[in-house]
Structure formats: structure tokens, C-alpha cells
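One structure is given here, and the rest of the page talks about it.
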Amino acid sequence: MYVAELRDKVRSGESLCDYLKREVEYPTDAVIESTIKIDSEKLKLKYRGTGESASNDLENAITLYEAFPGLTETQASDSRLWTYLTHVTLRDYVFARWPLEGSCEQIKNDSRKQAIVADFILSHWFASGGSDRLLRRNAAARLWWPVHLTHAPWLREPEFFADLGASDPYRFTKILLSMESIYAEVLERGLGRDNRILITVLEFLEVNKGIKRDQIRSFMKELNLFLSVRNLSLLSRKGMKEAIFSVGGGAIAEMGLDL
Amino acid sequence: MKAKNISYPYPVLGNDDDVEGKFDASFKHMLKRDNIILKSRFSLKNKTLERLIREKKAVYTVEVECPSTFYRKLFSTIETEADFVLSSTVVREHVSVGFFIRATETLAEYEITGCHADYEGFKFDVGPGDVLALGGYTSFIAEKDFDPMQPAVSSLIAIKQGNKDVGPMEIDYSQDKIFIKLSRKDHKNYSQIKGQVTIAGVLHSSIVLPVLADAIQLVLSEDEETQERHWFRRLEVILRHQGLEGEDPLISAQKVLHGPIERCLSGLVETAEADE
């Protein structure tokens with residue numbers, strides 16, 4: 001209920017300037033105790049100052065993931081967890097990574113800017129709703145989920161991914177977070193929901209390192225179309241890999257672009 | 001995960017009049033402490049597909065998807081009745097379930113009995129994973145206390161104080177619950193009477209009913225702005241389970257609220273009689 005109030009205040013413009021302050025006091029009775037284990041020693045994200053680029057995303061994503069050992073999917077889809085982290089624990093990080101443009105006065109005096117700023121805050125500081133799309137935008141959830149979805153697939157499904165061998169557990173996280181467009185295109189289309197497909201898509205992108213944004217988009221579009229008729233879960237690892245690599249290769253060739 | 005308007009390159013049972021026959025699935029879910037049991041029953045009438053399933057060249061599939069937790073999984077069987085188990089830690093809130101028959105291997109020169117005249121004489125190459133029959137979709141809310149037949153209104157709608165001193169109530173559909181915001185004056189009066197049993201029908205009729213009817217209209221029109229909100233998904237499940245998808249929103253709202261007009265008038269009569 002308190003999160004709804006916070007959102008309300010952002011939407012109405014009342015609290016926009018709070019999001020320019022390093023410290024804001026929230027009522028203690030608005031917070032409930034959680035049983036989620038946090039390794040707070042580990043929870044130290046890297047940032048230099050405002051306007052932080054995405055260059056530390058991978059390192060920060062792994063740091064955040066390792067700071068929450070045993071966090072389940074159900075817990076990690078609870079908007080209250082991520083809203084608390086962005087507003088309190090990781091407030092400085094959110095300031096650095098997703099800074100607001102303009103001063104409090106500038107925001108207050110410009111209704112158009114107010115609406116843009118409110119949308120920006122609702123996207124990156126909150127995570128309400130029943131969709132993975134909203135979790136992909138919250139400043140903290142968008143770090144945890146890509147690591148969780150790609151971490152050592154051979155541990156999640158030893159038989160299916162037996163051929164991968166136990167290598168770097170973040171091998172596929174590194175590919176997913178290597179380009180903003182890979183992250184957006186792959187997860188935006190719901191492909192992250194099927195772990196086998198996600199990992200195989202990332203394998204294709206790993207092999208085709210120089211792939212460009214347009215080519216990734218074309219590949220994802222073609223793959224989505226392909227998946228509308230065929231469910232690859234019934235395929236063997238080899239069959240799935242052949243199918244996805246064939247769609248990917250075809251999409252790139254059709255665009256007539258060199259890698 | 002709704003039925004998608006897909007044009008298949010070969011005849012698919014359950015897709016318009018592509019193929020004569022029938023494929024239906026009935027489904028129940030049981031929420032346990034650590035897991036969720038998905039109980040599926042299939043009914044199939046088509047000689048070709050029955051044979052393919054017997055030969056394990058095709059399977060019944062139950063395809064589960066939870067957008068809140070990046071979860072998608074396919075369960076398959078050749079039995080007409082099967083229970084599948086998933087951990088309760090992997091899904092949250094709205095869970096979609098689709099039923100299909102899919103090929104498990106390449107079916108060269110595939111043809112199916114009872115296909116539409118448009119397909120007669122043609123043979124198709126079908127690959128593993130390709131859909132052969134559509135059995136529809138359903139959904140449930142992965143929460144033990146949620147009963148779509150007896151939903152608590154508080155799981156969908158909350159009444160709170162707005163920012164204005166006086167004036168009409170305002171509705172906020174943009175959050176996970178629908179928020180009805182009363183003016184300070186109205187909210188003060190509301191707070192004084194809200195716990196009284198005889199008043200519940202009055203409040204449901206005057207405040208909740210019009211909002212719920214409007215919300216149902218948003219669900220029926222598949223409103224893009226609100227469709228990812230928890231209340232929207234819950235209402236969708238309630239309407240489906242109560243068989244109200246084709247009803248007028250105002251009628252549906254009254255059914256979901258269990259006759260608020262009748263309860264309102266009875267409550268008022270009771271109050272009037274007590275005053276006398």
C-alpha cells in the first residue's frame with residue numbers, strides 16, 4: 001500500500017524533487033521485515049558519479065546476484081523488494097546510473113518535463129505490475145534477473161547442457177550484458193522465459209560476435225515467428241541448436257550485411 | 001498467453017475449420033505448500049492424431065507461462081490424464097496454461113484425416129515441436145487464498161483518501177490494485193461506516209459496482225495500458241471461471257459482487273426498521 005502511495009506522489013508530481021535528494025526519510029511502519037538473506041558485505045555496486053554509463057553493468061549485476069544467495073524467482077518478482085532497494089539500499093547507485101536531468105526548479109516549472117521525469121522514475125525506481133518487462137526496467141531488478149537467467153545453465157539442467165561443460169558460470173551473462181541491444185531485444189520478446197532457448201540464442205550471439213543491432217532485431221523477429229508454430233522444448237539440445245542457428249544465420253543472410 | 005491469430009502452413013485441428021474432429025483439455029490446479037499440481041485431462045477425436053500419439057510421434061503438451069517470473073515450461077504426455085508438478089517458487093500471480101498436440105519427430109508427407117477440402121491431396125513436412133492441434137488456454141492465480149468463484153473484492157480494489165477536500169471519486173487503474181480515491185470529506189464519512197455489515201451492500205452498490213463494471217469493460221476490450229496489472233489478470237481469471245466473458249460488464253460486476261443491489265436495499269430496510 002505504501003508503494004502505491006509513493007507511486008501516486010510521483011505521478012501527481014508532488015514528490016519528484018525527492019528523487020534529486022540523496023537522503024529521504026521514509027516512515028518506519030511502511031517497511032516490513034523480510035526473510036530474504038542478503039550478504040550486505042558484498043552488496044557494494046560500482047559507480048563514479050552521476051551520468052554513470054552501462055560500463056559497470058556486468059560487474060554490478062554479478063555483485064548484486066551474489067549478494068542475494070538463494071533468492072527465488074517468486075521473491076525476485078516481488079516489486080516491494082526492488083522498490084525498497086532502489087529507494088533505500090541502492091539509492092546512491094540509482095542516482096549515478098539513472099540520473100534525473102534538470103534541477104528541482106526546472107522540473108517544477110515545466111509540466112512537460114514533469115511528465116517525462118515521472119515516467120522515468122516510475123520505470124527505474126519502481127517495479128509494480130505482473131510482467132517481466134517492468135522488472136527489466138527497475139534499476140536493481142534489471143541487474144539481478146539477467147544473471148539469474150543465464151548463470152551456469154549446466155547446473156540448472158545438467159543433462160540438457162552436458163556438452164557445455166563447467167566453464168565460467170557467467171559465460172552467458174557476459175554475452176547478454178555485452179550490448180544494450182542484446183539485452184533489450186532478447187528479453188523484450190519474452191525469449192528469456194525459456195532458458196534453453198535463451199542460452200542457445202546467446203550461444204549464437206557468442207559465435208557471431210560482430211553482430212549489429214539491426215541484425216539482432218531481425219534475428220529475434222524471425223525466431224519469434226518461427227516459435228509461434230514450433231515449440232523447441234521438444235527438441236534435443238542438438239536439434240534446438242541447429243534450429244536456432246539456422247534461423248539466426250538465415251536472418252543475417254537475408255539482411256545482406258556482413259558481420 | 002492468449003490464443004494467437006496464426007496462419008499455419010498445414011492443417012491444424014482446432015484452428016478454424018482446418019480439420020474435422022475435436023481436441024479438448026480440462027484442467028485443474030492444486031496449490032500446495034511447496035509445489036503446484038497441474039491436473040490435465042485430454043479428449044481427442046481424430047484418427048490420425050490418435051494414431052500418432054499411440055506411436056509416440058506426437059504428444060499432448062501443457063505449456064505453462066508466468067510473465068512475472070520469466071518462466072515458461074512445456075510438460076508432455078501420451079496419456080489422456082496426467083498430473084504435472086512445478087515448484088511454487090517459480091511462479092507468481094498470473095499463470096497461463098496452453099494445451100496442444102505437437103509432433104515429437106519429423107513427419108514427412110504429413111496428412112490428416114478430416115482435413116478441409118482446401119488441403120485435400122496435399123502433403124506437408126512437419127517438424128518436431130510443430131503444433132498439430134490446439135486445445136485452448138486457461139489461467140490461474142498462483143495464490144492460495146485467491147478463489148475466482150468467491151473473490152475478495154479487496155484483492156482487486158482498495159478505497160483510499162484522495163487529495164481533494166470535496167468532489168467526485170477518482171479512479172486509478174494504473175497500479176496493481178484499482179484505487180478508488182474519495183475526497184477527504186467522503187473518506188471521513190466512509191471510514192465511520194465501512195465496518196458495518198448492513199452497510200457493505202450499500203458501499204458495494206454505490207462505490208465499488210460502477211468501478212468494477214468499468215474495470216470489466218477494460219478487461220473485455222483487452223486494454224493495453226492496464227493489462228499487465230495484477231487486478232486486470234485476476235479479473236480476467238474471475239470472469240473466465242465464473243463464465244462471464246460474454247456478459248454485459250454491469251451484469252458481470254453484480255454477479256462478481258454477489259448481488260450488491262439486493263444487499264444494499266435489504267441493508268437499508270434493516271437499518272430503517274432498526275431506527276423505527
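Any value given below was found using the heavy atoms of this structure, including those in side chains, with hydrogens, waters and symmetry copies removed. Chain letters run A, B, ... following the sequence lines, proteins first, then strands; residues in each count from 1.
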- Can you tell which of B:Lys160, B:Lys73, B:Arg102 has the highest number of heavy-atom pairs within less than 4.5 Å of chain A? B:Arg102
- Message: Can you tell me which of B:Val12, B:Val59, B:Asp172 forms the most heavy-atom pairs within a distance under 4.5 Å of chain A?
- Response: B:Asp172
Which bit of [X] is near chain A, if near means a heavy-atom gap under 4.5 Å: side chain, backbone, both or neither?
X        : result
B:Phe75  : neither
B:Ala103 : backbone
B:Thr89  : both
B:Lys181 : side chain
B:Val91  : backbone

Measure the [atom1]-[atom2] distance between [X] and [Y] for me, rounded to the nearest 0.5 Å.
X        : Y        : atom1 : atom2 : value
A:Asn231 : B:Arg72  : CG    : CZ    : 8.0 Å
B:Thr69  : A:Leu149 : OG1   : CG    : 9.5 Å
A:Asp194 : B:Phe70  : CG    : CZ    : 13.5 Å
B:Asn163 : A:Asp8   : CG    : CG    : 7.5 Å

- May I ask you to check whether over 12 heavy atoms, not counting those of B:Phe122, lie within 6.0 Å of atom CZ?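 Atom CZ in B:Phe122 is not packed in, count stays at 12 or less.
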- More than 12 foreign heavy atoms under 6.0 Å from CZ of B:Arg184: is that the case here?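 Count over threshold, so yes.
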What heavy-atom pair brings [X] and [Y] nearest, and what distance separates the two atoms?
X        : Y        : result
A:Ser77  : B:Ser68  : CB-O, 3.1 Å
B:Gly129 : A:Leu235 : N-CD1, 4.3 Å
B:Pro67  : A:Arg193 : CB-NH2, 3.7 Å

Quick one: does any side-chain atom of [X] pair with a main-chain N or O of [Y] as donor and acceptor, under 3.5 Å?
X        : Y        : result
B:Gln175 : A:Ala4   : yes
B:Arg92  : A:Thr74  : yes
A:Arg7   : B:Ser174 : yes

- Message: Quick check on A:Leu232 against chain B: is it the side chain, the backbone, both or neither that has a heavy atom closer than 4.5 Å?
- Response: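 Neither part, no heavy atoms under 4.5 Å.
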- Is it the backbone or the side chain of A:Arg11 that comes under 4.5 Å from a heavy atom of chain B, or both, or neither?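 Contact with chain B is through the side chain of A:Arg11 alone.
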